[in-house]
Each structure stands twice: as structure tokens, then as C-alpha cells.
Q: 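Handing you a structure now.
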Protein chains: 2
Amino acid sequence: MIDFIFEMWFVSLAGIIALIFAGLLSIWLLRQPKGDEKVSDLSDRIYRGAMTFLDREYKPLIIFVIIIAVVLYVTEIHDEAVLAFVSGAFCSALAGNIGMRIATKSNARAAVGAKEEIGKGLKIGFSSGAVMGMTVVGLALIGLSAISHWLWAEPGKLADVIVGFGFGASSIAIFARVAGGIYTKSADMGADLVGKVEEKIPEDDPRNPAVIADNVGDNVGDVAGMGADLFESYAGSIISAIAIGVGGTAIGIPESDAMLYPLLLASFGIFASIIATSLVRPGKGSDIGALHNALNRGVFGSAILMIIFAYFLTDSFLGKLEPFYAMVSGLAAGIAIGLASEYFTESRFRPTRSIAKSSKTGPATNIVSGFSIGMSSTLIPVISICIAIGLSWHFANLYGIPIAAVGMLSTLGMTLATDTYGPVNDNAAGIAEMGEMGSEVRTRAEKLDAVGNTTAAIGKGFAIGSAALTAVALFSAYIASVPGLTTSQLSINEPMVMIGLFIGGLLTFIFSALTMSAVGRGASSIVKEVRRQFKEIQGLLEGEAEPQSKRCVAISTNTALKNMILPGGLAVVTPVLVGLWSAQALGGLLAGAIVTGLLLAITLANAGGAWDNAKKYIEEGNLGGKGSDAHAAAVTGDTVGDPFKDTSGPSLNILIKLMAMISLLFVPLF
Amino acid sequence: MIDFIFEMWFVSLAGIIALIFAGLLSIWLLRQPKGDEKVSDLSDRIYRGAMTFLDREYKPLIIFVIIIAVVLYVTEIHDEAVLAFVSGAFCSALAGNIGMRIATKSNARAAVGAKEEIGKGLKIGFSSGAVMGMTVVGLALIGLSAISHWLWAEPGKLADVIVGFGFGASSIAIFARVAGGIYTKSADMGADLVGKVEEKIPEDDPRNPAVIADNVGDNVGDVAGMGADLFESYAGSIISAIAIGVGGTAIGIPESDAMLYPLLLASFGIFASIIATSLVRPGKGSDIGALHNALNRGVFGSAILMIIFAYFLTDSFLGKLEPFYAMVSGLAAGIAIGLASEYFTESRFRPTRSIAKSSKTGPATNIVSGFSIGMSSTLIPVISICIAIGLSWHFANLYGIPIAAVGMLSTLGMTLATDTYGPVNDNAAGIAEMGEMGSEVRTRAEKLDAVGNTTAAIGKGFAIGSAALTAVALFSAYIASVPGLTTSQLSINEPMVMIGLFIGGLLTFIFSALTMSAVGRGASSIVKEVRRQFKEIQGLLEGEAEPQSKRCVAISTNTALKNMILPGGLAVVTPVLVGLWSAQALGGLLAGAIVTGLLLAITLANAGGAWDNAKKYIEEGNLGGKGSDAHAAAVTGDTVGDPFKDTSGPSLNILIKLMAMISLLFVPLF
């Protein structure tokens, strides 16, 4: 017991240290110069737009949380789950809020930093990302350890209740991801369709009324949305390990050890991430390769450190290394998926080049080629996931799968930092353009942005891979916890299971269709508004009048909030309804959704990334360069890819985890 | 026994009657006037192109059939399966050959007929389709009844051996569908990309060197490919009912009755189809609605007749009506899926209109909107399949599922006739244009073509729905026949099953990517060749020189044959390899492939159909009409949709059936 108390305080302490580290970084960031009045004003407008969005988003979310809390209170056996649910929702929202505040306070500072020196820009962007990363892991670990402290004496109850925390986090995540994704891509597509395509003005041109909304969108979608997504994955992987560890594991690890181990792994992951941040030191040069290496040192450094820590932890704490091997297989799968995404989406490699080449015969061949490359790109990730499932099961049976997911996510503090770095420097590039900071700064900011795109590929690989593993683990926990459900009832040739598989697969398609069409509608509202402004505001195109940016911000906000309800609601309600009808069918539903969701998510993410980079490749002067027909075709592909990669694709990650979480939580009803 | 002999002869007789009916129709068709020299020459060129393709396709197919026959001989327990395999392959190839011969002999005759009277054009096109339909069902039923005659004394062996027939048919089907789909869309995209988009010359313009290849493609893909596909579905549904009926059914139908019943159902289906062809009598008017009604009377007439026949057959032969209800639920699901495809792909309805509207903001929004509508369109078909599975299981347990599939396909003689009608009249429209038969004939032929597009939607619904049901039935037969495989080993939370599900889903994505990218490559070779001819052949664009059509035919043929090997091989080899590794994983693979394959096939088919009709809607003068920016955007969508709806989508139907068939056949190895 003394051991346990010591260890649990150690976990909480790791969470607190993560938050302290985030606080110190924030103080340093806010001390950096904010730039001249124009620049600082742009940053303020983005900040205010982002905050307005969050404020408005909170209202429906609070109502949703209250409704679910009441439902849980009425139906659940454990009243404690209600509190856990609310805490999960609160922590997730808080992490997103803090991360986005800092990101929107850092964008101008990153541009100003880049003016001084390109490495300074990288440092500011990365630090801002690290605040997000550390806040996410810190809050998650504090929340999970608090619940564990509280209910440690009743492990069965703890396992049930802690799922409530995960469900709270998932609920916020699904709405944040969907709304953020719709917001960012409505604004982006709308801005591009009129600005770049019709009026032929550059990206981020201050005359374009949708540019502020576009920059707000980067934060709302890629910072707050991504943060909530990974908060949920991170918490979910640990929760599924705890849920499966109840009663001990098949490989002879006693209950209390099995439940503590994932928390300890996560704690060491925090230390590995904090230490590795010191490796992100860009040199004096402005070489893209050097900048890239600085970030990669952080990612791979933290992974290597984590493997070392985990080896000693596993050996000393569990006395057997099998779970360590399971963890390493998860981590390796994450890296393999990340590298595969890099291969399929970067213009250094054949796939993206072939999309660029097919642009020469027009937009149709560009689209077909991108879509088929997106589908091909599922091969390595899916095989990696299969190998990770097979190996982790081989080493540690059912317990191995969540441990593999925990392994993949243990260094999230670092991977999320490199992810969030992207939108901050994307914003910095926008501010450099709009704030007329000169072409030198603009070029530097764009270089920094390009570096972010690459590291984001690896980050996305981790997000997708961990979502699949976490969902598989939660799904297995669900199956294990339904009383009276035998494995032969879950045979794939049972008609109920077959029907469940079909419905699960169907859900991912309908969900993607809903999010995609919402972006289409949002973009077309923005297009109409921007066209109107260019027509009605005298002197706007000549740069003599100010655009009414706020109206585009309002349109994006409204579209996003209105359109998050149906897909979000579908994700929450369907599993419960199907479960009430048949626990067998719900099992099938989860399996079907995980399989097709993973395939669709990878296809959409990589097709989108490849289209984006094929366009950039042509813009670098290849195949006719900017202004050629090939470029026009590639711009079409890039625009199609926007909702694929930033709205529908990433939302699927949450969908599959959320449905598994909800099923596990509502087991007592089925 | 006397009863049995009588009944089995009845089945064979039904098959023979179908062939005689097809023969009589062919004689009538060949007596119709062929048109003037120019027209008849065009038809000959299409005929020769199509036959050259078939001749060249046979070589690799024969090699493939020999290899598989040797493998079967070496590994199988029943030597008889080798003979059944070769017969299945031969019958499928023969049906495709006859159907395509007649179709390419009828295209000019349909145009000449339409010149006389529009109803005559419809009659010729429909009769040509009916030859195909009757040949397919006739040959399938003769083959199946011959094997049944031969091995009736040993039901277990019969069930094993008859699967060989299905596998032979599937093998031809996968190559025919993939090669045909790649051929037709390479030629079509290539012809359009240079002709319509770059040179701004009309569809089917005789100056375009790829137009003959495009018209050959309609036959190779939509006639021979579709015929082989449905030959396989038809035989497959009956075979799965026989395989599941061995040993009797759970609802108390004795073995011999359970095995005969699907054959008898199919026989009555032939009579229903033949009788219903007499209902296809277009009146004197040229009203599109009237033409449409004529075909619909045939389809719905045969379905109603079939329900009546089946009711009495089931009642008198089995003495219980449960299988009849299962059959009706399959037929109803087929019709529901067909009507849903109609709703999602016709410009009378909201979805296609919304795609047309989104073309106003350019190709990107057109693509996103079409893609999201394709994904939404999975809802009704998947729910219909789930209901059909649930109901047919409820009424007749496992035996109900193949009976539902048999029900859906029993009137294939008729549905395939209305399907094949489409490409014949599409060709007729092309010949009317190229043969300068005058705008009146061209307009009439286009009207007839438009009617075909609508009925094809229902036909496609049957093809997709029956593929899913047949695959589910074959899959269940596979599970039931693996010795020592318990249902609890097939639980969805077994890691091997989970891995299988992932690999199965993965295969459908990779398969689609391969077929799609083959079309992209083929189209770009055609584009280069057509551009070269326009550049190098003096006076081609002015209509003073002849294009070198043969070169485009050769390019399409080569691309199609070269690119059918990998996807076709993948479909055959993967299940065997996975099965050798783990029979559990193979079960998961089949389930995963069926679920994602169905979703993907519907998405691709309906997105493609909707894009096509959105373009036509704009061409009718809406939203700016031909030549507007919206039209250009809609043409992009249509071109993207080509490989979606005519190559990758339909090939998936066969993929899922073939993999289930192969698994069932190779059970003794696993």
C-alpha cells in the first residue's frame, strides 16, 4: 500500500511537472516581442476570432454534457461515473482552451522571431506547441491519477468509472474535431476559391475578407481540434489498459500492477518528452534540412529515451519484459505509419510526383490519381497495425493491445508539440504577408511552415495508428465486460454480428459524407460573402478599403457549430441504440467501424496531403510552375483534399474511439 | 427418384429453352437491316475491335485456367472439381462471347431501326440484351444441372464439386470485369480529355482517333464484363444455396429438396423472364416516358410473375412457405437498392441537382459534393441488405440468405437484358453520329440511350445487392465447412479474426486503387496518342484525313490486358495464402472484404452516376448550360466518375464473391 501511494503520487507529480513546464514555457513565450501595431493587431483579431468560436462552442457543449450527465446519473450503476465524465469533458476543453490561447498569442511572435533569425521562429513555434502538448498530457494524467487515487480500493468500480472520464474527453473531442474541421476548411476553401482562383490574389492577401477566418481556422481546427483528439487518444489508451487489467492479466501480472503500469509508462513518457525538448535546438543556419533535423531530434530522441525508461521500468516494476515488447511494437508501428505517410505525401517521393505529373492532363486525372494513391497508402499502415496487434497479443495477450497504444502515445508531449508547431507557423506566415513584414520574413516563415508539414505527417501517423489500437483495445474491453455474451455469439457468421459489421462500416461513410458536405456548404457561403464584398465594397481590390473580416468569421463559426450536431450526435446515439437492441450487433458495429474507419481515415488524410504537396511541387517551378494549366489542375486537387485531410479524415479517428468508449460505459444497460 | 429425375430434367429444359429463345432472337436480329456502307463499316470496325480484344484476352485466361486446374488437381480431394472448374470458366467465357457478338452486330441495326421508328430502336437494343440475358441464365443452369445430375447420388461431393463451377465462372469474371473496365474507361477518358476538352469537338466525333476504341469499350466493359459478372452472381447464389442445403436445413427441409429448390426457383425465373419480354412493347410515340415504361413493364412484370410462380412452387414442392418469404425479402431488397440508386443518380432528384449546383463554384466543390453524395448513398442499400439478411435468416436460418440472393437474381434473364440494352444503344448513338445519319436519328438514339441509363441504375442495384448477399452466403458456407473451426474461434475479438477483418478491408482499397490507377495510366497513353495524331496527321481536324483508330484500340487492349493481371491475381492468391496461414483470419478477411467492398462499390457507382447525370443536367441548358464554367466543372466530375462507376466499383462486386468462392473451394487445404 505504501508502495502504491508512492507510485500514484509519482504519477500525479509527473502530470504536475508537465503543467509547470508548460507554464514556464508560456511565460517565456509571452515575454517575446509582439511586433509593431499592425502585426500585433492582426494577431489580436485572430485571437479574438478563435476565442469567440470557443465561447460559442461551449454553450451547446455544456448543454450536451449536462444531458449526458443526467442520462448517466439515471441509468448508470456508478454515480461516480457522472463526476468522472464531467471531469473528462472539462479537462479536455481546458487543454484545448489553453493550447489555443497560447498558439494565437505566439503566431505574431513567431513571425517577429523569424525576422530576427529563422531558428528563433522555430523555437517560438515549437515552444507554443510544447505548451499544448504538455498541457494535454499533464491534465490527462492528473485527472486519471486523481480518479485512481479515489477509487483504488475498488478496482472493478475504478475501471468502470474511469471510462466515464474517457467518454467525457471523447465527447468534447468529437465536437471539437468536427466543428474545428468544418470551420477551418470552409474558411480555407472559401478564401482560396474566390481569392486565388477567381481574383488571382495571393494566399493570405489582406484584401481577402476570408483570410482572418482562414487563420482563425488553423487554430480552431489544427490546434484545438487536434489537441482534443489526442487528449482523448492518450487518456483512452491508458483507460483501456486499466479496464483490461482489472482482475489481472493472462500473462500473470497481478491486478494492481496491471492497472498502475500504464500510468507509470505515461509518467516516464512525460519525462522523456521534457528532456527531449532540449534537443530541439536549431543551429544558426536557415537550411531547411537543419530545421527539420532539430524537430526530428526531439521526436526520435524522446522515443529512444522512452524505450530506455520503459525497459527499466518494466523490468523492475513488473519483473517480466513481455509488456515492454508489446509497448515497443506499438511505438514501432506508429513510426512505420508516420514514415509511410511521409512517403506517400511528400513531393520528394514517387506518389506525389505522379499526382503532379497527372495534373498535366487536367483536374480529372489529378483527382483520380490522388484518390488512388490515397487508397494505396493504406497498405503499410494497416499491415503495421495488424503486426502490432499480432505481436502485442503474442507477448501479453489482450493486455498487450492497449499497452501498444500507450507505447505509441507515451511521448505525446513531444509529438503533439511538433504537430501544433505547424499551424502556429502557418499563422506566422499569414501574419508576415498581411502585416507587410517584407518578403524575407515571409520566405522564412514559409520555410518554417514547410518543415511543419513534414513533421505533421509523422504526428498524423501516430494519431491514426493510436486511434486504431486504442479502439481495438476498448472494443475488446467492451466484449469482455458484457455479462453473458459468449464468444460464439460474436462469431462473424452470426447474422446479428454481420448486420453490426455492415452498420459500423456504414456509419463511417455517412459520418464522412456529413462532415464533407458541411464543409462544401460552408465554403459556398463564404464564397458568396467574399464575392459580395469584392463587388460592394468600393476600393477593396485596390487595397484602399478594409474588408469586413468579421462577417466571414461569423459565417464559419455558425456553419461549424450548426453542422457539428448531427455527426456528433450520430456518433453518440447510434452505439447506444444498437446496443439496446443487441449487444452482439454492437460488437459487430464496433469492429466494422474500426476497420473501415481506419481505411477511410488513412485514404482521406494521405490523398489530401499528397494533393497539397503535388500543388506545392508545381509551384516550386516544376511541370510548368505557377499559372500553368497543370497548376490549375493541382489547385483543384488541393482544394478537394482540404476537407478530406483536415475534416473528415481526422474526425474518423475520434468516431471509432468514441463509439468504443460509449459502448464500454453503457455496458450495464445492454 | 423418378420425381428427382423429372425435376432435374425440368431444370435442364428451362436452360435449353432459354438458349433456344436467345437463338430465335438472334436470328430475328440478324435479319434486320444493317444500314448503308458507312454505317455498316463502323459497326464492323467496332465488332472487329471487340473480337480482337476477346481473342487476345483468351490467351492469358487459358493459361490461368490451366494453372489453376493443375493446382486443383494436385491439391483437391475431388478430381471432379477440376472438370467443374473448367466448365464454369468455359460457360462464362462462352456467354460473354455470344452476348458481345450479338451486341456488336446489333448496334448499327438499332440505329437504323431508330431511323425508321424510335420504338424499333428500343426493340432491337432490348432484344440484343435479351440474347445476352438468356444466354447467361441458360448456360449457367445447364452447367449446374449437368453437374447435379452427374453427382446427385453423393450430395456432399456434389456440393464440393459444384463450387468448382462457380470458381471457374468467378475467375473469368474477375479478369473480364477488370480488363473490360480498364479498357472502356481508358478509351472513354482518353477520347474525352483530348476531344471534348482540348479540341472542343463533340462526343463520338469521327475525327477523334479514340472514338472507335471508346465504342469497343462499351461492349467490352458493359456487355462482356457485366455478363461475366452476373453469370457468376447467378451461378454463385444457386451454388451457395446447394452448399448450405447439404445435410438439410435448420428449418426441416430435407437435403435433396434443399438442394433442388434453388435450381427450380431459377427455372421458373427463366419462364417469368421469357414471358415478361412480351411486355416490352414500346408504343408508336417517341415519348421518353413511354419508352421507359416499356422497359419497366418488363422488369417489374417478371418480378411479379416470379413471386407468383415461387409462391406455388414453394408451397407445393417444400410444403412450407418460409423460404418463399426469404426469397421475397431478397427481391424486395434488390428493388429498394435499385430505386435508391435511381434517387441518388438522377437529375430529377435533389442529390444530383446539388452536385450540378456546386459545379458553379468550380471543379473542386463539384468533386467534394459528388463524393459526399456517393458516400451518403450507401445508407439505403446497406440497411436493405441488413434487413434482407435479418429477415431471410429469421424465416429460413442460414439457408435463407442464399435463397434471398437467388430470389434477387431469378429474373436475371430480364434485368440483364435491360442492362445490356444500354451499351447497345450507346453504340447506336455513336454510330448515328459517326455515320452521319442525321440529327434526327442521333437525337432518337440519344433518347434511347438516356432510357438505358435509368434502367441500368436498377440493374446495378441488383448486381451490387446480389453480390453482397451471395458473398455472405458463400462466406457462411465456408465457415460451416472448415472442419474443427468453432464459432468461438471466429469471435470478432479474436486477434486473428481482427487481423483478417483489417486485411479484407485493405484488399478492397488496394484493389480499387490498382484498377483506378490502371485507367489513369491507360487514359494518359490514349491522350498522348490522340494528341500525336491531331498534330501529325495533316487535315485530321478538318475532317479531310482518316484517324488511325486501330492504334487507340491496340493501346486500350494492351493496357487492359497488362493491368488485369495484378488485381486479378491478388484476388485469387491472397485468400489462399491467408487461409493456409489461418482459417480464422480467412474468415475475418472475407467478412471485412464484404463489408468494405459493398460500401466502396456503392459509393463509387453512385458518385460516378450522379456526376455523369449532373453534367447531363447542365448540358440540358441548366445553370449556364454547355460551355459555361459550371459545365467545365461538371465535365471534370464526370471524368473522375468514369473509372469509379465502370471500373473499380463493379469489379469489387466480383472480388468479394470470388474470394468467398475460392475460400470455400480450398477448404480441404486449410
Side-chain angles (χ1 to χ4, degrees), chain A residues 189 193 197 358 361-365 367-369 371-373 375-376 378-379 382 385-386 389-390 393 472 475-476 479 486-488 490-495 497-499 501-503 505-506 509-510 512-513 516-517 519-520 523-524 527 587-588 591-592 595-596 598-599 603 636 639-640 643, chain B residues 189 193 197 358 361-365 367-369 371-373 375-376 378-379 382 385-386 389-390 393 472 475-476 479 486-488 490-495 497-499 501-503 505-506 509-510 512-513 516-517 519-520 523-524 527 587-588 591-592 595-596 598-599 603 636 639-640 643:
Chain A
M189 281 177 78
L193 283 170
V197 180
S358 70
T361 36
T365 38
I367 299 290
V368 170
S369 151
F371 196 68
S372 89
I373 277 168
M375 291 202 292
S376 320
T378 54
L379 183 65
V382 172
I385 293 285
C386 287
I389 291 176
W393 182 283
V472 170
F475 158 73
S476 305
I479 302 273
T486 64
T487 45
S488 63
L490 286 164
S491 167
I492 33 173
N493 69 335
E494 280 286 308
V497 174
M498 200 49 164
I499 290 173
L501 284 170
F502 275 119
I503 296 177
L506 176 65
F509 274 64
I510 298 297
S512 301
M516 212 173 270
S517 64
V519 172
S524 92
V527 163
V595 170
T596 50
L598 177 65
L599 286 162
T603 300
T636 299
T639 313
V640 169
Chain B
M189 280 177 79
L193 284 170
V197 180
S358 69
T361 37
T365 38
I367 300 290
V368 170
S369 153
F371 196 68
S372 88
I373 277 169
M375 291 203 291
S376 319
T378 55
L379 184 65
V382 172
I385 292 287
C386 287
I389 291 176
W393 182 283
V472 170
F475 157 73
S476 305
I479 301 274
T486 64
T487 47
S488 63
L490 286 164
S491 166
I492 33 173
N493 69 335
E494 280 286 308
V497 175
M498 200 49 168
I499 290 173
L501 284 170
F502 274 119
I503 296 177
L506 176 64
F509 274 63
I510 298 298
S512 303
M516 212 173 271
S517 64
V519 173
S524 96
V527 164
V595 170
T596 51
L598 177 66
L599 286 162
T603 300
T636 299
T639 314
V640 170

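By convention in this document, chain letters (A, B, ...) are assigned in the order of the sequence lines, proteins followed by strands, and residues within each chain are numbered from 1.
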Q: With only heavy atoms counted, which part of Ile385(A) is less than 4.5 Å from chain B, the side chain, the backbone, both or neither?
A: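 The side chain, not the backbone.
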Q: Quick check: closest heavy atoms across Ile389(B) and Pro495(A), and the distance to 0.1 Å?
A: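 Residues Ile389(B) and Pro495(A), closest heavy atoms: CG2-CB, 4.2 Å.
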Q: What's the spacing between Leu490(B) CG and Glu494(A) CD if we round to 0.5 Å?
A: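 Leu490(B) CG to Glu494(A) CD: 10.5 Å, rounded to 0.5 Å.
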Q: With a 4.5 angstrom heavy-atom cut-off, is it the side chain or the backbone of Val368(A) that approaches chain B, or both, or neither?
A: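 Looking at Val368(A), backbone and side chain both touch chain B.
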Q: I'd like to verify something: which residue of Ile510(B), Leu599(B), Ile499(B), Val640(B) has the highest number of heavy-atom pairs under 4.5 Å with chain A?
A: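 Ranked by contacts with chain A, first place is Leu599(B).
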Q: Closest heavy-atom contact between Ser488(B) and Thr487(A)?
A: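 For Ser488(B) and Thr487(A), the tightest heavy-atom pair comes out as CB-OG1, 3.0 Å.
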Q: Taking only residues two or more places apart in sequence, or in another chain, which ones meet Phe371(A) in a ring pair (Phe, Tyr, Trp, His ring centres under 6.0 Å)?
A: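 Testing Phe371(A) for ring pair (Phe, Tyr, Trp, His ring centres under 6.0 Å), a comparison that skips the adjacent residues, returns Phe371(B), Phe644(B).
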Q: What's the spacing between Ile373(A) CD1 and Met375(A) CE if we round to 0.5 Å?
A: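 These two atoms lie 11.0 Å from each other.
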Q: I'd like to verify something: which residue of Ala364(B), Ser491(B), Ser512(B) has the highest number of heavy-atom pairs under 4.5 Å with chain A?
A: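 If we count pairs closer than 4.5 Å to chain A, Ser491(B) comes out on top.
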Q: Which answer fits Thr378(A), side chain, backbone, both or neither, if we ask what part of it has an atom under 4.5 Å from a heavy atom of chain B?
A: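 For Thr378(A), backbone and side chain are both near chain B.
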Q: Relative to chain B, which segment of Pro643(A) carries a heavy atom at a distance below 4.5 Å: side chain, backbone, both, or neither?
A: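 It is the side chain, since no backbone atom gets that close.
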Q: Which residue out of Ser524(A), Gly520(A), Ser376(A), Gly588(A) racks up the most heavy-atom pairs below 4.5 Å with chain B?
A: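 Highest number of heavy-atom pairs under 4.5 Å: Ser376(A).
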Q: Against chain A, work out which of Leu598(B), Val497(B), Thr639(B), Leu379(B) has the most heavy-atom pairs shorter than 4.5 Å and name it.
A: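 Maximum pair count with chain A is reached by Leu379(B).
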Q: Who pairs with Ser517(B) by side chain to side chain contact (heavy atoms under 4.5 Å, CB included), at least two apart in sequence or on another chain?
A: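 By the side chain to side chain contact (heavy atoms under 4.5 Å, CB included) rule, Ser517(B) matches Ser372(A), Arg521(B).
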Q: Looking only at heavy atoms, which two atoms of Phe475(B) and Ile492(A) are closest? And how far apart?
A: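 For Phe475(B) and Ile492(A), the tightest heavy-atom pair comes out as CE2-O, 3.6 Å.
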Q: State, with a plain yes or no, whether a side-chain heavy atom of Asn493(B) is found less than 4.5 Å away from one of Met498(B).
A: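 Sidechains of Met498(B) and Asn493(B): no contact.
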Q: Considering only heavy atoms and a distance below 4.5 Å, find which of Thr365(A), Ile367(A), Leu506(A) pairs most often with chain B.
A: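 Answer, by heavy-atom pair count under 4.5 Å with chain B: Leu506(A).
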Q: Val382(A), Val527(A), Thr596(A): which one forms the most heavy-atom pairs within less than 4.5 Å of chain B?
A: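 Maximum pair count with chain B is reached by Val382(A).
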Q: Can you tell me how far the CD1 atom of Ile503(A) sits from the SG atom of Cys386(B), to the nearest 0.5 Å?
A: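 The CD1 atom of Ile503(A) sits 4.5 Å away from the SG atom of Cys386(B).
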Q: What part of Ser358(A) lies closer than 4.5 angstrom to a heavy atom of chain B: side chain, backbone, both or neither?
A: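 Contact with chain B involves no heavy atom of Ser358(A) at all.
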Q: What residue, out of Ala523(B), Gly592(B), Gly362(B), Gly505(B), has the most heavy-atom pairs lying under 4.5 Å from chain A?
A: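 Of Ala523(B), Gly592(B), Gly362(B), Gly505(B), Gly505(B) has the most heavy-atom pairs under 4.5 Å with chain A.
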Q: Sort Thr603(A) into side chain, backbone, both or neither according to what part of it lies under 4.5 angstrom from a heavy atom of chain B.
A: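 Only the side chain of Thr603(A) comes within 4.5 Å of chain B.
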Q: Under 4.5 Å heavy-atom distance to chain B, tell me which part of Phe502(A) shows up: side chain, backbone, both or neither.
A: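 The answer is both parts of Phe502(A).
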Q: Would you mind telling me which of Leu193(A), Leu501(A), Thr486(A) has the largest number of heavy-atom pairs within less than 4.5 Å of chain B?
A: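 The option with the most such pairs is Leu501(A).
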Q: Which pair of non-hydrogen atoms, one from Thr636(A) and one from Pro363(B), has the smallest distance, and what is that distance?
A: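 Heavy atoms of Thr636(A) and Pro363(B) come nearest at OG1-CG, 3.6 Å.
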